[in-house]
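Below, chains carry the letters A, B, ... as their sequence lines are ordered, and counting in each starts from 1.
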Amino acid sequence: MPEVVREALPAAFYARPVVDVARALVGCVVRHGSSAGVIVETEAYHQSEPACHAYVGLTARTATLFGPPGRAYVYRSYGIHALLNAVCEEEGNGAAVLIRALAPLEGVELMSRRRGRERVEELCSGPGKLSQALGIGLERNASSLQTGPIRIEPRLDGTPPPSLVAGPRVGITRAVELPWRFCAGESRFVSRPWPGTLRRSTRSRGS
DNA sequence: CTCGCGATCTACT
DNA sequence: GTAGATCGCGAGC
């Protein structure tokens, strides 16, 4: 059967307020090599608030953030992990969406090998995990998300927009009041469960 | 299940 | 010198 190459999201998709992009990216597909996954969790970061790397202004480290939209911003976190972001808003604005979790879609075997885990829920349920699962490293920083090795594609045909749940961002100490984390409400692949009421029994049922 | 800690590196103070 | 957009392990409940 013929392979259909899906079109990547255009740069214009990213050239709007970063929070809008963070919401719109949930349900889209990230592809790197033969591995791909559906985005189930994102966070927005903007130069106007101190949790964002771009808050300090233009430096060698943050240059990608201030560059044109539609590129990857990949940086090292806690000395170990490579975290994947999509640069947003017009050139000159420091803003990006952190991709925090995926539902594995293609190349699951390879992801599993790279992660050293079997359970699909543990392959991409965190920003450092998904980079490792897809084989994304720091060398991908500033690469195009349209024509580069990493591509982000629209939602799969026929799939409705996921129901979104917004909440505070994870793992930061400043600007914690902003509800700029967005998850697919029904997904079991998110990096951390929501506190309190939304939590459901995790006792195993087939799906 | 939750909590606490070590690993390991870069940018900035 | 230190904090950080994290992860995985082990201990304890």
Legend entry - Selection from dT6(C), dA5(C), dT10(B) that lies nearest to any side-chain heavy atom of Val170(A): dT6(C)

Inset, instruction - Verify the ring-centre separation between Tyr75(A) and His53(A): is it less than 6.0 angstrom? - result: yes

Inset, instruction - Have a look at Arg61(A) and say if it touches a base, only the backbone sugar-phosphate, or nothing, with a 4.0 Å heavy-atom cut-off. - result: sugar-phosphate

Inset, instruction - Write down the partner of dA5(C) under the Watson-Crick or G-U wobble criteria, each distance required to be under 3.5 Å. - result: none

Inset, instruction - Could you tell me the separation between the CG atom of Leu83(A) and the P atom of dT8(B), rounded to a whole number of Å? - result: 18 Å

Inset, instruction - Output the single nucleotide from dT6(C), dC12(B), dA5(C) whose closest atom is nearest the side chain of His81(A). - result: dT6(C)

Inset, instruction - Indicate, with a heavy-atom threshold strictly under 4.0 Å, whether Arg115(A) touches base, sugar-phosphate, or nothing. - result: sugar-phosphate

Inset, instruction - Report yes if at least one side-chain N or O of Arg100(A) is closer than 4.0 Å to OP1 or OP2 of dT6(C); otherwise report no. - result: yes

Inset, instruction - Could you check whether Leu98(A) gets within reach of a base, just the sugar-phosphate, or nothing at all, counting any heavy atom under 4.0 Å? - result: base

Legend entry - Atom-to-atom span, CZ of Arg76(A) to P of dG4(C) - whole angstrom: 19 Å

Inset, instruction - Mark yes or no: Arg169(A) above the aromatic ring of Tyr45(A), with NZ or CZ under 6.0 Å from the six-membered ring centre and no more than 45 degrees from the axis. - result: yes

Inset, instruction - State, to 0.1 Å, how close His32(A) and Pro149(A) come at their nearest heavy-atom pair, and which atoms those are. - result: CD2-O, 3.4 Å

Legend entry - First of Thr173(A) and Lys129(A) reached from the 5' end of DNA chain C, by closest nucleotide: Thr173(A)

Inset, instruction - Report the distance from atom OH of Tyr78(A) to atom C1' of dT8(B), rounded to the nearest whole Å. - result: 13 Å

Legend entry - Between P of dC7(C) and CZ of Arg119(A), the distance in whole Å: 15 Å

Inset, instruction - Side chain of Pro127(A) only, please: which of dC9(B), dA11(B), dT6(C) is the nearest? - result: dT6(C)

Inset, instruction - Rounded off to whole Å, could you give me the OH-to-P distance for the Tyr75(A) and dA11(B) pair? - result: 13 Å

Inset, instruction - Please say whether the positively charged group of Arg76(A), taken as NZ for Lys or CZ for Arg, lies over the ring of Tyr78(A), i.e. under 6.0 angstrom from the six-membered ring centre and within 45 degrees of the axis. - result: no

